[in-house]
J.: 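To start, I am sharing the structure in question, which I have written as structure tokens.
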Amino acid sequence: MVIITGTSRGIGKALAENYLANGKKVIGISRNHTIIHANYTAVACDLSNPDSIEQLAFTNLKSEELIFIHNAGILGEVNYFEKLRADEPHRVMQVNLFAGATILHQLLRLTPKDLPFKAVFISSGAGKNPIASWAAYCASKAAVDMFCQVIQLEEYQLGRTAFNCLSVAPGVVDTEMQARIRSVNQDVFSEVARFQEYKLSDQLYSPKLVSQKLYKLLHHTKLTQVIYSLKDID
């Protein structure tokens, strides 16, 4: 069973389609759904709304390997921190971390400690390198890195013997988020030219390639750490 957030487009959709092509059953959690497949279960949920996430319920999780991928994420408003609305960091943190943490909390309580279980949070290089005008996004992705390290440590101590909690940076990917970044005025985002050059010089990964790299990491790589970059996966 594979549970993926943010499957309406981009990386999330590519991940779902890749797992479906490999014969897996997929539960997609998203506000909108664009996948129609016999093994795809669409669950409508607004991940920016904690009440909506609390209504999620999962069943039949005790008999097969479980993979949870918290892919959903938002960049938030691109602007200098002092110019943002005061609640902007919380809004970004809610989608990028808290939503996935809430789902993972339920899954950990529902699954036996000996069940093979991989939990993946999509992180970013922006969680390790500061980018002006991305304060909320950078902070949320840095939090993802530390959260996953703590959860891995805790579950090891609690005797969950077949569990991996991973924070995985996909690289710079050709998604709607990147298109939005390239359209921001330089007055509020000093590095916009760099991201425009990524597109012009064909340096962006496709969502399909990211899905293939992540599949290889999860299913054909010996996992010895928590934090990974798909740049290192051939």
Side-chain angles (χ1 to χ4, degrees), residues 1-30 35 37 39-41 43 47 58 60-73 96-97 99-101 103-108 110-125 127-128 141 144-156 160-173 175 205-234:
M1 176 68 71
V2 185
I3 301 171
I4 306 172
T5 64
T7 51
S8 63
R9 61 180 184 267
I11 296 173
K13 183 177 182 181
L15 288 170
E17 290 174 337
N18 192 38
Y19 271 107
L20 290 168
N22 279 280
K24 299 293 185 180
K25 293 180 180 179
V26 176
I27 297 175
I29 303 173
S30 186
I35 297 173
H37 192 283
N39 285 335
Y40 181 78
T41 300
V43 176
L47 294 168
F58 302 98
N60 302 320
L61 299 178
K62 298 183 178 182
S63 60
E64 60 180 312
E65 178 186 22
L66 177 63
I67 296 171
F68 168 55
I69 304 174
H70 182 50
N71 155 78
N96 293 359
L97 175 61
I103 295 170
L104 178 59
H105 184 263
Q106 183 179 164
L107 296 176
L108 288 171
L110 289 172
T111 54
K113 284 190 165 46
D114 60 350
L115 182 81
F117 182 1
K118 295 183 178 75
V120 181
F121 284 66
I122 298 300
S123 62
S124 171
K128 304 167 184 65
K141 294 303 185 178
V144 162
D145 282 349
M146 183 54 69
F147 175 77
C148 290
Q149 291 178 91
V150 172
I151 299 306
Q152 180 65 50
L153 178 63
E154 289 183 354
E155 293 304 312
Y156 175 79
R160 195 173 288 274
T161 58
F163 176 75
N164 294 97
C165 191
L166 307 177
S167 180
V168 181
V172 187
V173 189
T175 62
Y205 288 159
S206 70
K208 183 177 181 180
L209 179 59
V210 169
S211 73
Q212 293 168 342
K213 283 174 169 279
L214 184 57
Y215 190 92
K216 183 175 182 179
L217 173 66
L218 296 183
H219 300 281
H220 301 291
T221 305
K222 183 178 180 180
L223 299 174
T224 59
Q225 59 200 59
V226 172
I227 296 176
Y228 284 91
S229 171
L230 293 185
K231 293 179 181 179
D232 300 325
I233 305 298
D234 294 329

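Because the structure is a prediction, the values reported are computed rather than measured.
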J.: Say you draw a straight line from CE of Met146 to CG of Leu97; how long is it, rounded to the nearest 0.5 Å?
T.: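 Rounded to the nearest 0.5 Å, the CE-CG separation comes to 12.0 Å.
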J.: Search all heavy atoms of Ser167 against all heavy atoms of Asp145 and return the closest pair with its distance.
T.: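 The pair with the smallest heavy-atom distance is OG-OD1, 2.6 Å.
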J.: What's the shortest heavy-atom distance between Ala16 and Tyr40, and which atoms?
T.: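 That closest heavy-atom pairing would be CB-CE1, 4.3 Å.
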J.: Would you call Glu155 and Leu108 a side-chain contact if the rule is heavy atoms closer than 4.5 Å?
T.: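 Answer yes - side chains close enough.
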J.: Okay, side chain of Arg160, backbone of Phe117: is any donor-acceptor separation there less than 3.5 Å?
T.: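 Here the side-chain-to-backbone pair does not exist.
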J.: Using side-chain heavy atoms (C-beta onward) and a distance below 4.5 Å, is Lys113 in contact with Thr161?
T.: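 The answer is no, as the side chains (C-beta and beyond) never meet within the 4.5 Å cut-off.
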J.: Is there a donor-acceptor contact under 3.5 Å from the side chain of Lys213 to the main chain of Asp232?
T.: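 Absent.
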J.: Could you state the interatomic distance from OG (Ser30) to CZ (Arg9), rounded to the nearest 0.5 Å?
T.: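 Ser30 OG to Arg9 CZ: 7.5 Å, rounded to 0.5 Å.
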J.: Between Lys118 and Glu65, is a salt bridge (charged side-chain N to carboxylate O under 4.0 Å, His left out) present by the stated rule, with each step listed?
T.: CA-CA 8 Å; Lys118 295 183 178 75; Glu65 178 186 22; 3.2 Å; yes
J.: Does His105 NE2 have over 12 foreign heavy atoms under 6.0 Å away?
T.: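 Atom NE2 in His105 is not crowded, with 12 or fewer foreign heavy atoms closer than 6.0 Å.
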J.: Does Glu17 have any salt bridge (Lys or Arg N to Asp or Glu O under 4.0 Å) partners at least two apart in sequence or in another chain, and if so, which?
T.: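 Per chain and number, Glu17 pairs via salt bridge (Lys or Arg N to Asp or Glu O under 4.0 Å) with no residue.
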J.: Identify the heavy atoms of Ala14 and Pro207 that sit nearest to each other, and give their distance.
T.: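 Nearest pair, atom of Ala14 first, then Pro207: CB-O, 3.4 Å.
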J.: Roughly how far apart are Tyr228 OH and Thr221 OG1, rounded to 0.5 Å?
T.: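 One gets 7.5 Å once the value is rounded to the nearest 0.5 Å.
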J.: Mind listing the closest non-hydrogen atom pair of Ala101 and Phe147 along with its distance?
T.: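 Looks like CB-CZ, 3.7 Å.
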J.: Among Ile27, Ile4, Ile3, Val120, which residue meets the side-chain contact (heavy atoms from CB on, under 4.5 Å) test with Phe68?
T.: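 Passing option: Ile3.
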J.: So which of Leu115, Ile151, Leu66 actually passes side-chain contact (heavy atoms from CB on, under 4.5 Å) with Phe163?
T.: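 Among Leu115, Ile151, Leu66, the one that satisfies the side-chain contact (heavy atoms from CB on, under 4.5 Å) with Phe163 is Ile151.
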J.: What I'd like to find out is whether the side chain of Lys25 reaches to under 4.5 Å of the side chain of Thr41, using heavy atoms alone.
T.: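 Answer no - side chains too far apart.
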J.: Once you round to the nearest 0.5 Å, how far does NZ of Lys208 lie from NZ of Lys13?
T.: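 These two atoms lie 13.0 Å from each other.
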J.: List the atom of Asp114, the atom of Ala162, and the distance in Å for their closest heavy-atom pair.
T.: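 It is O-CB, 4.1 Å.
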J.: May I ask you to test the Leu214-Ile69 pair for a side-chain heavy-atom distance under 4.5 Å?
T.: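 Yes; the side chains approach each other to less than 4.5 Å.
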J.: State, yes or no, whether a side-chain contact exists between Leu166 and Leu218 at a heavy-atom distance under 4.5 Å.
T.: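 Leu166 vs Leu218: side chains touch.
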J.: Tell me, yes or no, whether the heavy-atom count around Asn60 atom CG, taken from other residues, nucleotides or ligands under 6.0 Å, exceeds 12.
T.: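 For Asn60, atom CG is not crowded (no more than 12 foreign heavy atoms under 6.0 Å).
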J.: Please check if the side chain of Ser123 supplies one atom and the backbone of Val144 the other of a donor-acceptor pair under 3.5 Å.
T.: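 Here the side-chain-to-backbone pair does not exist.
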J.: Could you walk me through whether Asn39 and Tyr19 pass the side chain to side chain contact (heavy atoms under 4.5 Å, CB included) check?
T.: CA-CA 10 Å; Asn39 285 335; Tyr19 271 107; over 6 Å; no
J.: Report yes if some heavy atom in the side chain of Ile122 is under 4.5 Å from a heavy atom in the side chain of Asn96; otherwise report no.
T.: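 No; the side chains remain at least 4.5 Å from each other.
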J.: With under 30° as parallel and over 60° as perpendicular, where do the rings of Tyr215 and His220 fit, or are they tilted in between?
T.: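 Ring orientation, 0 to 90° scale: tilted.
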J.: Heavy atoms only: give me the nearest Lys24-Val2 pair and the separation to one decimal.
T.: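 Heavy atoms only, the tightest pair is CB-CG2, 4.1 Å.
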J.: First locate atom CG of Asn164, then atom CG of Leu223, and finally report the distance between them rounded to the nearest 0.5 Å.
T.: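 Between Asn164 CG and Leu223 CG, I get 4.5 Å after rounding to 0.5 Å.
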J.: Which is it for Lys128 and Ile227 under the side chain to side chain contact (heavy atoms under 4.5 Å, CB included) test, yes or no, and what are the steps along the way?
T.: CA-CA 11 Å; Lys128 304 167 184 65; Ile227 296 176; 3.8 Å; yes
J.: Quick one, Asp234 and Lys216 - any side-chain contact, counting heavy atoms below 4.5 Å?
T.: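 The answer is yes, as the side chains (C-beta and beyond) meet within the 4.5 Å cut-off.
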